[in-house]
Amino acid sequence: MAKLHSSFNFLFQAIILPSKNPKLFFQLFFISIIYRMFLYLINYLLTNPLSSEIIEISKEISTTDPTSPEFLNLVKTLAKDAKEFLILQILYLLFLFLFSFIISIIAYFAFSATYLGEILTIKEVFNKVKANIKGPLITQVIITLFNVVYFIILFGVLFTIVRYFSTSYSTVWAVILYFWFFFILLYLSIIWSMSMVISVIETSQYGFNAISRAMKLLKGRKMQIFILIFISVVLSTVIYGFNYIIAKFAPSSMACSIILGCFLVIFGEGLALYNMSAVTILYYECNSQNSGEVGDKVSYNVLPNTDIV
């Protein structure tokens, strides 16, 4: 029972940690949701008319004679709209990736410093990020490339099963493999997060070294990993499920869609920051048990604060 309580301890600490420097984490949360809402609104306002037009054209094409000139014009318009939509989505994902990376680095610095008793301002955290962005950036690039390859392999395997093994069990096998890949990705997400924490706190450890160290720290921590994944999945399901229910019964209008989107942004960012707090605390717990004392093997680097240019 004591062991189980110990396994849950870092989750409770993750809730309490921001209260030690509420001003810093309120500012961080505010910046996070404002920027995410801005990206969401821009993306929605630009892509919603396109997606609506694509749906309408698709309906018209299905009832238009393929040999008529009108059919050819509809196909050209559909291709043009689809291209614009794809470009906008790629740009949105690119900006979202850059924003998420910057916010995660700031958050890990903030959580780590607060855990060790440093009361920093948002400007001081920015200065630390500016001075130590190389290591986390390299780690993030490697993680991103791995994820891209991982998804290419996943969809390649699923396509092969569905396309070349057209049996009564092919769909079942495809679903089983999909969930297997999905659960592996959830496990890897904890390793990736721990790798980012290590890249931030241990400035000499980044890239493959940070990933390797994260795997060593998390070795034998299946209970903590399972609990963190379980909490994240449950909370995400509740947030998106609640949003789906509201959307189903809410009036179909642009205002409602925007409000629901902002609702997802707020709760989604809150959950993301909570996970970062939990992984940061888990890092110190793992490092403490491995080296005997927090900071005995590796300490948080307190950098001189320099003004941001």
Taking all atoms of both residues into account, what is the closest heavy-atom pair of [X] and [Y], and its distance?
X      : Y      : answer
Ala107 : Met276 : CB-SD, 3.4 Å
Asn275 : Ser232 : OD1-OG, 3.0 Å
Pro22  : Ser19  : CD-O, 3.3 Å
Ser277 : Leu17  : OG-CD2, 3.7 Å
Phe10  : Ala278 : CD1-O, 3.4 Å

Check: What do the steps show when you test Leu218 against Leu282 for side chain to side chain contact (heavy atoms under 4.5 Å, CB included), and what is the final call?
Finding: CA-CA 9 Å; Leu218 291 171; Leu282 184 59; 4.0 Å; yes
Has the side chain of [X] got a donor or acceptor atom that lies under 3.5 Å from a matching backbone atom of [Y]?
X      : Y      : result
Asn287 : Tyr283 : no
Tyr187 : Ile229 : no
Ser236 : Val233 : no

State which residues pass side-chain contact (heavy atoms from CB on, under 4.5 Å) with [X]; sequence neighbours excluded, sorted by chain then number.
X      : result
Leu41  : Ile258
Phe97  : Gln140, Thr144
Phe181 : Tyr150, Ile153, Leu154, Leu177

Would you list the atom pairs, donor with acceptor, under 3.5 Å between side chains in residues 266-273 and any protein atom, with sequence neighbours excluded?
residue: Glu269; atom: OE1; partner: Ser32; partner atom: OG; Å: 2.2
residue: Glu269; atom: OE2; partner: Arg36; partner atom: NH1; Å: 2.7

Notebook entry, point to check: Hey, would you say the Phe111 and Phe25 ring centroids sit under 6.0 Å apart?
Noted result: yes
Do any side-chain atoms of residues 76-84 form donor-acceptor pairs under 3.5 angstrom with protein atoms, and if so which ones, sequence neighbours left out?
residue: Thr77; atom: OG1; partner: Asn73; partner atom: O; Å: 2.9
residue: Lys80; atom: NZ; partner: Glu84; partner atom: OE2; Å: 2.9

Kindly compute the distance separating [atom1] ([X]) from [atom2] ([Y]), expressed to the nearest 0.5 Å.
X      : Y      : atom1 : atom2 : result
Ser58  : Ile54  : OG    : CD1   : 7.0 Å
Ile281 : Phe12  : CD1   : CZ    : 12.0 Å
Ile143 : Ile211 : CD1   : CD1   : 5.0 Å
Cys286 : Gln224 : SG    : CD    : 6.5 Å
Leu88  : Ser51  : CG    : OG    : 10.5 Å
Glu70  : Glu60  : CD    : CD    : 6.5 Å

Would a single hydrophobic cluster contain both [Y] and [X], if residues Ile, Leu, Val, Met, Phe, Trp and Tyr are joined by side-chain heavy-atom contacts under 4.5 Å?
X      : Y      : value
Phe208 : Leu188 : yes
Leu24  : Ile16  : no
Phe26  : Ile119 : no
Phe179 : Leu185 : yes
Ile191 : Leu145 : yes

Do [X] and [Y] come close enough that some side-chain heavy atom pair is under 4.5 Å?
X      : Y      : value
Asn43  : Gln89  : yes
Leu137 : Tyr206 : no
Glu118 : Glu124 : no
Trp192 : Asn147 : yes
Ile31  : Ile106 : no
Val200 : Asn132 : no

Check: Hey, which of Ile122, Val125, Asn21 is the one that makes side chain to side chain contact (heavy atoms under 4.5 Å, CB included) with Gln27?
Finding: Ile122
Check: Just checking, any donor-acceptor pair under 3.5 angstrom between side chains of Ser112 and Tyr284?
Finding: yes
Next item on the list: Begin with the C-alpha distance, continue with both residues' side-chain angles, and end with the deciding distance and a verdict on side chain to side chain contact (heavy atoms under 4.5 Å, CB included) for Phe126 and Thr121.
Entry: CA-CA 9 Å; Phe126 283 155; Thr121 64; over 6 Å; no
Margin query: Restricting to side chain to side chain donor-acceptor pair (under 3.5 Å), what partner residues turn up for Thr139, sequence neighbours left out?
Written below: Ser199
Notebook entry, point to check: side chain to side chain contact (heavy atoms under 4.5 Å, CB included) between Phe101 and Met196: does it pass, once the steps are laid out?
Noted result: CA-CA 10 Å; Phe101 167 71; Met196 292 302 294; 4.0 Å; yes
Notebook entry, point to check: Counting heavy atoms not belonging to Phe29, are there more than 12 under 6.0 Å from its CZ?
Noted result: yes
Item checked: Criterion side chain to side chain contact (heavy atoms under 4.5 Å, CB included) on Leu120 and Phe109, from CA distance to verdict -> CA-CA 10 Å; Leu120 302 179; Phe109 268 110; over 6 Å; no
